[in-house]
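Chain A is the first sequence line, chain B the second, and so forth, proteins listed ahead of strands; every chain is numbered from 1.
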Number of protein chains: 2
Amino acid sequence: MKVLVADDHAMFADGIQLILESEKDLEIVGKCYDGKSVINFISNHKIDIILLDVNLPDINGVEVCKEILKIQPDLKVIAITMFNEESFIEEILNNGAKGYILKNTGRDELLKAIRTVAKGESYFSKEVTESIMKSLMNKRKAGSKTINELPKISRREKEVLKLIIEEFTTQEIADTLYISLKTVESHRASLLSKLNARNTAGLVRIALENKLLDGVKIEN
Amino acid sequence: MKVLVADDHAMFADGIQLILESEKDLEIVGKCYDGKSVINFISNHKIDIILLDVNLPDINGVEVCKEILKIQPDLKVIAITMFNEESFIEEILNNGAKGYILKNTGRDELLKAIRTVAKGESYFSKEVTESIMKSLMNKRKAGSKTINELPKISRREKEVLKLIIEEFTTQEIADTLYISLKTVESHRASLLSKLNARNTAGLVRIALENKLLDGVKIEN
DNA sequence: AGAATACCTATGGTAAACCCTTAAAAAAAA
DNA sequence: TTTTTTTTAAGGGTTTACCATAGGTATTCT
């Protein structure tokens, strides 16, 4: 299997090379030290696996991942970073990476990751998995650092809010709900007041950020 | 340790009771078959661990979880369901559950889950972990079923969009950026056109849904 | 049962957003 | 260097959103 190593720390890339050299089934076909040369290399060579550092000097690792998968969709991308940052992990997994390991990963785990991903499966180190799970559990808590204690939105207000977010005008909302234009305006006013928003933009932002519409029935 | 089992399928609750009976350190102090009785029980008894079915007949499991943690914040909640649904898992973990296991979990894993959570750690079965990881990888793909191919938003347009989302009026944006009101209106118009939005609400929704503001510098 | 609170309804007036068109200087891309 | 995109700006008009206020109806609390 042809492997490409992309990392701006030459020492690290060399270390990986040493590890892979002793393996008969793996062959390092290149080393890149920045995003542009990675994209260039992928355009000109057919490889199987890339070990991609998320923090390359020129281009964001996520962007590099997107680009090279456009060029060669069946390429297996394993992301590597120094840090166990949940946001990085989530972002790059969303963009096609098949695995994610940390730089302090040992020889055995590195080889296991490569061979697992090569088979078409995904691989995540235990630390990474734990990190994701923890962040899943703390998302809401972290988000509510400004303990906004949003007041309760009434049923009708939620209906109006839902339609606002769907780009209905006040008149259209009135027609949809069979109530007066002025009534809808009144609901808008109380929404603005309750959610502490100045205008429609704030209404939509606050509603989406706090997932206020979860649980509103959609009757189509 | 005092354990409460909450599941509307009596057979299942009984099964758990049988498993736990043979363990000296675990004691089932009650069984509940709906959300209301769970909340009621927690209000009147001090327990250590609850095995909570996510799909109770009357109240949504997530709501039950929220409520009982308000009453007894140090209570350890282990969510149980039939299905390996990522949305359920994420939702209930966000609301304080310490573990998540499936109903086809074996005796040993059930006990391991309870004892792990009792120690203050978290527990997730292998299947659940895999499910989360997979959904993490497929989120973007699923969301982009309507391949919207959003056109490029220029630098200035992004600045305007950012301020719109922050509830600035057109006049305020003009003052902030030291440009004319009419110029800002012009930018708004091209944003509406480019993002295919009908009004401010759509602008905000589309921007937030597509994370268009990621990478916009905040110079304060 | 009575009071307080929250909800849904509605009005007139004012402020802001949106539409259509045109256009020139500046910057970026081909 | 030429072409395209971006940023700037304007007039003039229409539509929509927001403000202050208020009455009748549920709902909840005491």
By ring-ring contact (aromatic ring centres under 6.0 Å, His included) - contacts of B:Tyr123 (at least two apart):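 Listed in chain order: nothing, the list is empty.
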Who passes side chain to side chain donor-acceptor pair (under 3.5 Å) against A:Gln17, sequence neighbours left out? A:Lys31
Residues in side chain to side chain donor-acceptor pair (under 3.5 Å) with A:Lys36, at least two apart?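 Side chain to side chain donor-acceptor pair (under 3.5 Å) check on A:Lys36 returns nothing, list empty.
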Is the phosphate of [N] approached by [X] (side-chain N or O, under 4.0 Å from OP1 or OP2)?
X: A:Ser154; N: C:dC8; result: yes
X: A:Arg155; N: C:dC7; result: no
X: A:Ser190; N: C:dC8; result: no
X: B:Thr169; N: C:dA15; result: no
X: A:Thr170; N: D:dT16; result: no

Working note: A:Tyr100 + A:Ser122, criterion side-chain hydrogen bond (donor to acceptor under 3.5 Å, both in side chains); need CA distance, chi angles, decisive distance, verdict. CA-CA 9 Å; A:Tyr100 195 103; A:Ser122 301; over 6 Å; no
Expressed in angstrom and rounded to an integer, what is the separation of [X] atom [atom1] from [N] atom [atom2]?
X: A:Leu191; N: D:dC18; atom1: CG; atom2: C1'; value: 13 Å
X: B:Arg198; N: C:dC19; atom1: CZ; atom2: P; value: 9 Å
X: A:Phe168; N: D:dT16; atom1: CZ; atom2: P; value: 14 Å
X: A:Ile173; N: C:dC8; atom1: CD1; atom2: C1'; value: 15 Å
X: A:Leu203; N: D:dA17; atom1: CG; atom2: P; value: 11 Å
X: B:Leu163; N: C:dA17; atom1: CG; atom2: P; value: 12 Å
X: A:Leu192; N: D:dA20; atom1: CG; atom2: P; value: 12 Å
X: B:Ile153; N: D:dT5; atom1: CD1; atom2: P; value: 14 Å

For the pair A:Asn199 (side chain) and A:Gly202 (backbone), establish whether a donor and an acceptor sit closer than 3.5 Å, ignoring hydrogens and angles. yes
Among pairs that include at least one residue of residues 172-197 of chain B, which meet ring pair (Phe, Tyr, Trp, His ring centres under 6.0 Å), considering only residues two or more places apart or in two chains?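 Listed by first then second residue: nothing to list.
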Of the listed nucleotides C:dC7, C:dA17, D:dT16, the one nearest the side chain of A:Lys194: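 Looking only at heavy atoms from C-beta outward on A:Lys194, the closest nucleotide is C:dC7.
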Is there a Watson-Crick or G-U wobble partner for C:dA30 with both distances under 3.5 Å, and if so, which one is it? D:dT1
Of all residues at least two apart in sequence or in a different chain, which pass the salt bridge (charged side-chain N to carboxylate O under 4.0 Å, His left out) check with B:Arg155?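 For B:Arg155, no residue satisfies salt bridge (charged side-chain N to carboxylate O under 4.0 Å, His left out) once neighbours in sequence are set aside.
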Sorted by number, residues from residues 176-188 of chain A placing a heavy atom under 4.0 Å from DNA chain C are A:Ile179, A:Ser180, A:Lys182, A:Thr183, A:Ser186, A:His187
